[in-house]
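Read the structure below first, then the notes.
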Amino acid sequence: MPSDELFLVRLRKTENLRSRGIDPYPRSYHRTHTATEAVEQFELAEVSGEGEAETDEVSIGGRIIGMRGMGRVTFCDILDGSGKVQAMFRSNALGDAYETLKDLDLGDWIGVSGAMTRTRRGEVTIQASSLAVLCKSLRPLPEKWHGLTDTEARYRQRYLDLIANPEARRVATIRSRMVSAIRRFMDRRGFMEVETPMLVPVPAGGMAHPFETRHNALSRDLFLRIATELHLKRLIVGGIEKVYEIGRIFRNEGIDASHNPEFTTMESYEAFADYNDVMRLVEDLVSTVATEVTGSPIVEYGDQQINFSPTWPRLSLVDQVQKHSGISLTESQTIDSLKAKMRSAGIDTANQVSWAGLVDKLISTAVEPRIVQPTFLVDYPVQVSPLAKRTAHDPRLVERFEAFAAGMEIANAFTELNDPVDQRARFEEQEQLRADLPQEEWDRLDEDFLIAIEHGMPPTGGLGMGMDRLAMLLSGQRTIREVVLFPQMRS
RNA sequence: GGGCCGGUAGCUCAGUUUGGCCAGAGCGUCGGACUUUUAAUCCGGGUGUCCUGGGUUCGAAUCCCAGCCGGCCCA
């Protein structure tokens, strides 16, 4: 237990309360109103009532975040989940209970009962007729005016951030409303929400480095999933024709402004659909969700305005790469030729050892940052898309798109590969690439999944969306750490 | 993995360039005054592993080295 002065003073106050017969940690408190409800009810009564507004007694509960003592009268700002309300304590109204204030500090939880009134300075205030201690706090709050700005403390002790900074509460609320709006949208469209395993024997369905773990009773090594894709497709095989999952996935890779080792995706799969249907789903979903969450399909992001209203442009990936870098992907099919062209275009290729890796790098440096308004880039090289079906016109390309906005990738989708022989060949190629180039990430052959689609998966359009990045866009945040309540930190 | 910036009181920060007069301010806290304040005001008091460990020096928050933690950029 800490021995600093502030802590000891508060412990002493806690004992003072007990010695006066006040339980500093009572079991419950029944409030009749939130802070905001109490204020709004009073303002309504003022408008509709004649003469002086009067309300019945209300009871509110919250944390003291401001205290202004004037001797025989004290004003407190009380914060609850709805907002803030001022409480006024007068010694002649409270009698002995007024002395309780001496043992209260900023940060303590109290309950206040009384009639609402408006003070001389015009603030709607609860005039206390009784005061209840709900929880004595032992540690001080961050400074009242500047709040908590230290980023490290804001991430490690998010509760302090939430208490001190309204912006932290706003961002958390936007994310929550975004997720529920997505859920409502998908449910309205007839998709069924499911949960699939997080502990998997094969970390397949993407190109990512997995977290490893072990189940003792089964005496078996397992991995945390890197994607939900392959299990959701098994459900398509099982006849669940419209299915989705909002879930955490895990990638054992670097941490930066747009990457946290655990993050949330929404993946959906729809039988009898292709990637054109999925594009319409994505633009409808994002514009609907943006409107529900922010009130408008047009979102401010930095100094940009992003308009999510349909219809988003569909642009050929190969054309866009050509346009922005001068490089033709279809004519640069070998590592050496692509690398040479990227180097002469001024792109650093030192860390890339595969054609797929070069393409990733090329898209992320030459194309992605230039896309501000929501855009679909369509038809990707088959080498970077082992789970997508080839296009009818060119077997080197697949029916895949990625959606970009504000220079960020927000969705990735395909017409799903349902030819089990081609899928097995693609997996085998991935395994061969890993054997040859283990320094890069490759997808993994999942035999159990192959058996599933060998039973027949209907034509299917699939989608993956990054929830964290969408939350960044809708809340105007520049780093993923701001939209994840408890981001991963060192030691 | 590399570069740059930062870490000083519970919180927000100054002091580091140019080593000593340097352990500082505000908020909070403690004592006192005050019955309509709202960053309340007024009077008075104590804030401390200057991130950690070495080194240089008569003397280090300040200079040097190593490390830890955070941020930004690059890979």
Side-chain angles (χ1 to χ4, degrees), chain A residues 1-13 16 35 39 63-79 83-95 98-99 101-108 114-128 137-161 163-166 253-260 342-343 346-353 357-358 360-362 364-365 369 407 439-440 477-482 487-491:
Chain A
M1 183 163 294
S3 57
D4 59 279
E5 185 205 335
L6 291 170
F7 198 92
L8 293 176
V9 164
R10 287 179 176 224
L11 270 183
R12 199 178 67 228
K13 290 176 174 176
N16 288 348
V39 171
R63 191 191 285 275
I64 303 173
I65 59 164
M67 188 147 45
R68 293 172 294 281
M70 315 271 310
R72 308 313 293 171
V73 64
T74 297
F75 294 88
C76 287
D77 298 321
I78 311 292
L79 178 73
K84 224 166 40 167
V85 66
Q86 179 172 263
M88 174 167 59
F89 302 92
R90 303 196 325 163
S91 62
N92 57 356
L94 285 167
Y98 190 81
E99 301 307 304
L101 291 169
K102 286 204 174 101
D103 291 320
L104 294 183
D105 291 291
L106 297 184
D108 292 349
M116 300 301 295
T117 183
R118 198 177 273 280
T119 62
R120 283 178 204 164
R121 295 293 176 93
E123 178 150 353
V124 177
T125 298
I126 179 168
Q127 191 152 209
S137 66
L138 300 180
R139 292 182 188 268
L141 254 28
E143 204 244 11
K144 63 183 172 189
W145 187 241
H146 299 93
L148 184 71
T149 63
D150 180 68
T151 32
E152 187 169 355
R154 289 184 46 242
Y155 297 156
R156 291 188 191 272
Q157 297 178 279
R158 182 69 84 182
Y159 48 91
L160 294 180
D161 192 28
I163 293 167
N165 299 321
E253 295 165 4
I255 296 176
D256 64 25
S258 56
H259 295 86
N260 194 57
M342 284 172 65
R343 277 217 199 95
I347 299 169
D348 178 16
T349 59
N351 284 16
Q352 272 66 42
V353 295
L358 288 167
D360 264 353
K361 173 84 180 178
L362 182 53
S364 63
T365 57
Q439 63 271 53
E440 282 191 11
Q477 295 303 311
R478 290 278 165 189
T479 92
I480 193 171
R481 294 179 209 94
E482 297 293 346
Q488 201 58 238
M489 305 286 278
R490 203 179 294 265
S491 71

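The figures here come from the full heavy-atom set of this structure, side chains too, leaving out hydrogens, waters and symmetry mates. Labels below follow one simple rule: chain letters A, B, ... track the order of the sequence lines, proteins then strands, and each chain is numbered from 1.
With a cut-off of 3.5 Å on both Watson-Crick or G-U wobble distances, the partner of B:G10 is given as B:C27. A 3.5 Å limit on both hydrogen-bonding distances identifies no Watson-Crick or G-U partner for B:U17. Using the Watson-Crick or G-U wobble rule with both distances under 3.5 Å, B:C72 pairs with B:G3. Checking B:C34 for Watson-Crick or G-U wobble geometry (two distances, each under 3.5 Å) identifies no partner in any strand.
Atom NZ of A:K84 is surrounded by 12 or fewer heavy atoms from other residues, nucleotides or ligands within 6.0 Å.
For B:A33, neither phosphate oxygen OP1 nor OP2 lies less than 4.0 angstrom from any side-chain nitrogen or oxygen of A:R72. Between A:K102 and the phosphate of B:G31, there is no side-chain N or O to OP1/OP2 separation shorter than 4.0 Å. For the OP1/OP2 pair of B:G70 and a distance below 4.0 Å, the side-chain nitrogens and oxygens of A:T151 include no atom meeting the criterion.
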Under 4.0 Å protein heavy-atom contact, by nucleotide of nucleotides 36-47 of chain B - B base, S sugar-phosphate only: BBBBB-----B-
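Every residue meeting the salt bridge (Lys or Arg N to Asp or Glu O under 4.0 Å) condition with A:D161, not counting sequence neighbours, appears here in chain and number order: A:R154, A:R158. A:S137 meets the side-chain contact (heavy atoms from CB on, under 4.5 Å) test with A:R10, A:D108; sequence neighbours excluded.
In this structure the side chain of A:I480 never reaches within 4.5 angstrom of the side chain of A:H259, judged on heavy atoms.
Closest to the side chain of A:T479, out of B:U29, B:G70, B:C72, is B:C72.
Remark: A:K361 does not engage A:D348 in a salt bridge, criterion side-chain N to carboxylate O under 4.0 Å. A salt bridge is absent between A:R478 and A:E482; no separation between the charged side-chain nitrogens and carboxylate oxygens falls under 4.0 Å.
Taking the P atom of each, B:U17 and B:C27 are spaced 29 Å apart, rounded to whole Å.
Nearer the 5' end of RNA chain B, as judged by each residue's closest nucleotide, is the contact made by A:L106, out of A:L106 and A:R156.
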